[in-house]
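To find a chain, count down the sequence lines: A is the first, B the second, and so on, and within it residues start at 1.
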2 protein chains.
Amino acid sequence: MQNKDRPSRRITAAQVAEAAGVSRSAVSRAFTAGAYLDRAKREKILKVAQELGYRPNALAAGLQAAGRSDLVAIVTGDLVNHYDAEILARLVQSLRGLGKWPVVLGGHEDLREEDVLGVLGYPLDALILRGGSVAESVALHCAKLNIPMILSGRVMTAPGVDCVCCDNARGAAMAVRALVARGRRKLGYLGGVPHLSSDQDRRTGFEAALAEEGLSPAVLAHADYSFEGGYAAARDLLAGGAEIDGLFCANDAMALGVMAAARQEGGLSIPEDLSIIGFDDISMAAWPGFDLTTVRNDMDQTVSQILRLLSARLEAPGKDNEVAWIEPELILRGTH
Amino acid sequence: MQNKDRPSRRITAAQVAEAAGVSRSAVSRAFTAGAYLDRAKREKILKVAQELGYRPNALAAGLQAAGRSDLVAIVTGDLVNHYDAEILARLVQSLRGLGKWPVVLGGHEDLREEDVLGVLGYPLDALILRGGSVAESVALHCAKLNIPMILSGRVMTAPGVDCVCCDNARGAAMAVRALVARGRRKLGYLGGVPHLSSDQDRRTGFEAALAEEGLSPAVLAHADYSFEGGYAAARDLLAGGAEIDGLFCANDAMALGVMAAARQEGGLSIPEDLSIIGFDDISMAAWPGFDLTTVRNDMDQTVSQILRLLSARLEAPGKDNEVAWIEPELILRGTH
DNA sequence: CAGTTATGTGAACACGTGTTCATAGCATTC
DNA sequence: GAATGCTATGAACACGTGTTCACATAACTG
């Protein structure tokens with residue numbers, strides 16, 4: 001039916017060669033920096049190529065030098081969480097700086113493990129996994145395929161797997177000490193999904209720091225990391241008559257929800273009636289009207305460490321796995 | 001230096017064939033649904049493949065049947081804008097439903113046109129471009145490469161380019177009428193980047209609707225689509241003594257910033273002293289504490305239209321270009 | 001001038017797949 | 001029993017590129 005030279009096919013180097021009256025090799029060389037090629041010839045080829053709209057097929061090129069496809073998969077957390085969205089933006093930008101192309105997965109609630117495994121069909125330079133519960137299974141497959149994996153927000157010990165993680169327990173302890181220093185004694189913890197290690201670490205850090213002060217938790221609750229979840233949890237706590245004067249939340253979004261509920265449903269003043277500290281330091285936390293005291297889980301550091309580990313791994317694929325710890329920092333604003 | 005059969009190379013179909021004692025063709029057939037292959041043989045091959053951790057190389061497979069690489073590039077807007085982040089999340093999820101892999105670009109302020117052109121090196125099934133100012137130039141290159149392009153948030157007439165766009169002027173008019181119905185007469189417009197057509201359309205729609213009511217704009221200002229920008233703009237307006245009783249903002253983030261500034265810097269009550277209406281209806285607009293009246297730029301509809309146009313284009317590459325209009329909807333909450 | 005080195009060039013190969021082609025065995029049909 | 005159709009299989013090809021190889025030619029060097 002269709003012509004053999006149907007225009008819907010992409011222009012190929014051979015066609016450029018024919019049009020320019022040179023060999024196909026010359027065309028390839030024209031697009032390869034530092035290749036031996038007569039200057040005038042190269043210019044002519046590039047001109048013809050531009051006219052025809054030719055561009056070397058990256059798929060074919062990637063097939064060539066196995067082990068450098070320049071594709072990097074990113075499995076991101078739910079983008080409704082602003083922390084994940086901001087991390088992703090920085091990650092995409094930085095990867096481009098390294099000449100890599102990011103293939104993005106996830107970003108919504110229900111990430112299918114099947115999809116993550118599917119992307120491994122591509123000879124990825126690396127897989128960057130943010131948090132998530134599928135890490136173990138994915139790491140196994142990555143190992144067999146010799147695809148480096150970088151885990152962010154969690155620690156895992158496996159060959160070829162590097163990790164970037166915030167010292168969650170320490171961050172939680174900083175929050176506790178700040179609350180205690182303000183005279184708060186009846187402290188609660190509002191966690192997220194309990195089976196995530198980051199949540200567990202923040203909770204145990206909270207409890208340990210509390211114990212050091214000779215205190216015990218007044219409340220241990222959990223929601224779903226969302227503003228709405230934090231709002232609902234706080235409303236339930238207030239309705240249940242929970243007596244707390246300070247609340248440490250496992251992320252900023254929930255903390256903001258708690259603030260809204262405390263003010264609107266409970267008629268409380270913050271921080272007079274209730275101190276609140278969040279975690280992450282998303283850009284929203286600094287907004288006037290929120291002015292949230294929080295534990296910074298530094299995004300710039302996280303991303304730059306991810307990129308450092310990535311570069312190191314690409315340079316020495318067999319090197320020992322490494323864990324880069326991000327030091328939390330307490331950002332004092334107006335809610336504690 | 002390194003062994004020819006060094007383990008750092010990906011397992012290939014030929015190796016599986018040798019290990020299973022079959023031909024390489026058989027291995028390929030084992031992974032191809034509906035191919036003639038003895039059932040026992042297929043099972044054996046799949047078993048050996050799993051043991052070796054073999055997975056067909058998607059790059060080589062994509063090279064095979066030209067025109068179906070299953071790669072789709074998404075050029076997203078700044079992910080600090082929650083609207084773009086939420087759209088991206090939905091887009092990524094939906095594309096996976098179509099079996100496509102999204103390569104994501106942008107997400108930050110300074111998108112380099114060079115990057116967008118670079119991704120065209122891959123034989124993309126399509127390029128999805130959100131807003132942006134690089135559309136014309138990119139469309140030209142896409143046309144030459146026969147890569148379908150879908151533009152969202154803007155309209156452009158070019159062969160092979162389909163568009164999804166909100167009726168911005170109509171949305172602005174809805175906001176104006178709602179404000180006038182509330183008795184507001186001194187209305188201002190706070191726009192975003194003035195050279196974007198979406199901003200222009202919202203502004204002209206604002207002015208036209210105002211003219212229909214026999215009014216003229218009290219203020220025409222603009223910021224950068226961010227909360228901080230909205231805050232600063234509102235502060236300046238207040239300091240400059242601008243007399244307005246209603247403000248229509250070109251997106252929700254700025255509207256929220258304006259609210260914060262009006263309350264904190266100007267001591268104003270909303271909506272008693274100043275009515276505010278935003279645009280987009282990001283999830284944050286519904287948060288208690290904000291409760292922002294806004295013009296919904298429906299994300300689900302936008303994404304589903306993008307996917308519909310994508311499917312149609314893939315099915316019939318030569319079909320006429322199409323523009324899908326999204327009808328804006330006024331969401332009445334507490335700030336107008 | 002002979003000898004070495006640097007520069008150009010096209011043919012051929014390799015990358016790893018999906019698919020066509022030709023062939024063969026086997027079962028079913030008339 | 002011959003003819004037909006279906007299933008199964010390996011060899012060979014095509015996809016589009018980067019790079020090596022072999023071989024020229026030109027430019028230096030002593």
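In this structure, A:Leu37 and A:Arg24 both approach DNA chain C, and ranking their closest nucleotides by distance from the 5' end singles out A:Leu37.
When the local axes at the two ends of the helix from C:dC1-D:dG30 to C:dC30-D:dG1 are compared, using 5 base pairs at each end, they differ in direction by 30° after rounding to 10°.
Per the geometry, CD1 belonging to B:Ile45 stands 12 Å off P belonging to D:dA8, to the nearest Å. Rounded to whole angstrom, the span from the CG atom of A:Asn57 across to the P atom of C:dG16 amounts to 17 Å. Atoms CG (B:Asp38) and C1' (C:dC26) sit 13 Å apart, rounded to a whole Å. One atom, CG of B:Leu63, and another, P of D:dT17, lie 9 Å apart when rounded to the nearest Å. Rounded to whole Å, the distance from CD on B:Gln64 to C1' on C:dC15 is 13 Å. Atom pair A:Arg29:CZ and C:dT9:P shows a separation of 8 Å (rounding to whole Å applied). Atom P of nucleotide D:dG18 and atom CG of A:Asp70 are separated by 12 Å, given to the nearest angstrom. Residue B:Leu145 contributes atom CG, which lies 14 Å from atom C1' of D:dG16 at whole-angstrom precision.
Put simply, the side chain of A:Pro317 does not reach to within 4.5 Å of the side chain of A:Asn146, judged on heavy atoms.
B:Lys41 has no side-chain polar atom (N or O) that falls below the 4.0 Å cut-off from OP1 or OP2 of D:dA8. One finds a side-chain N or O of A:Tyr36 lying less than 4.0 angstrom from the OP1 or OP2 phosphate oxygen of C:dT7. In this structure, A:Ser23 does not reach the C:dT9 phosphate: none of its side-chain N or O atoms is under 4.0 Å from OP1 or OP2. Between D:dT17 and A:Tyr54, a contact under 4.0 Å exists linking OP1 or OP2 to a side-chain N or O. Contact annotation: A:Thr12 side-chain N/O to D:dT17 OP1/OP2 distance is under 4.0 Å. Remark: B:Ser28 is not in phosphate contact with C:dG16, judged by side-chain N or O atoms under 4.0 Å from OP1 or OP2.
Salt bridge absent: A:Arg96 and B:Glu114 never bring a charged side-chain N and a carboxylate O closer than 4.0 Å.
Side chain of A:Thr12 to backbone of A:Gln15: no donor-acceptor contact under 3.5 angstrom is found. Side-chain atoms of A:Arg29 do not come within 3.5 Å of backbone N or O of A:Asp38 as any donor-acceptor pair. The closest donor-acceptor contact from the side chain of B:Asp78 to the backbone of B:Val80 lies under 3.5 Å. No donor-acceptor pair under 3.5 Å is formed between the side chain of A:Asp162 and the backbone N or O of A:Ile150.
If you check every strand for non-hydrogen atoms under 4.0 Å, A:Thr32 touches sugar and phosphate atoms only.
Sorted by first and then second residue, the ring-ring contact (aromatic ring centres under 6.0 Å, His included) pairs with a member in residues 16-35 of chain B read B:Phe31-B:Tyr54; sequence neighbours excluded.
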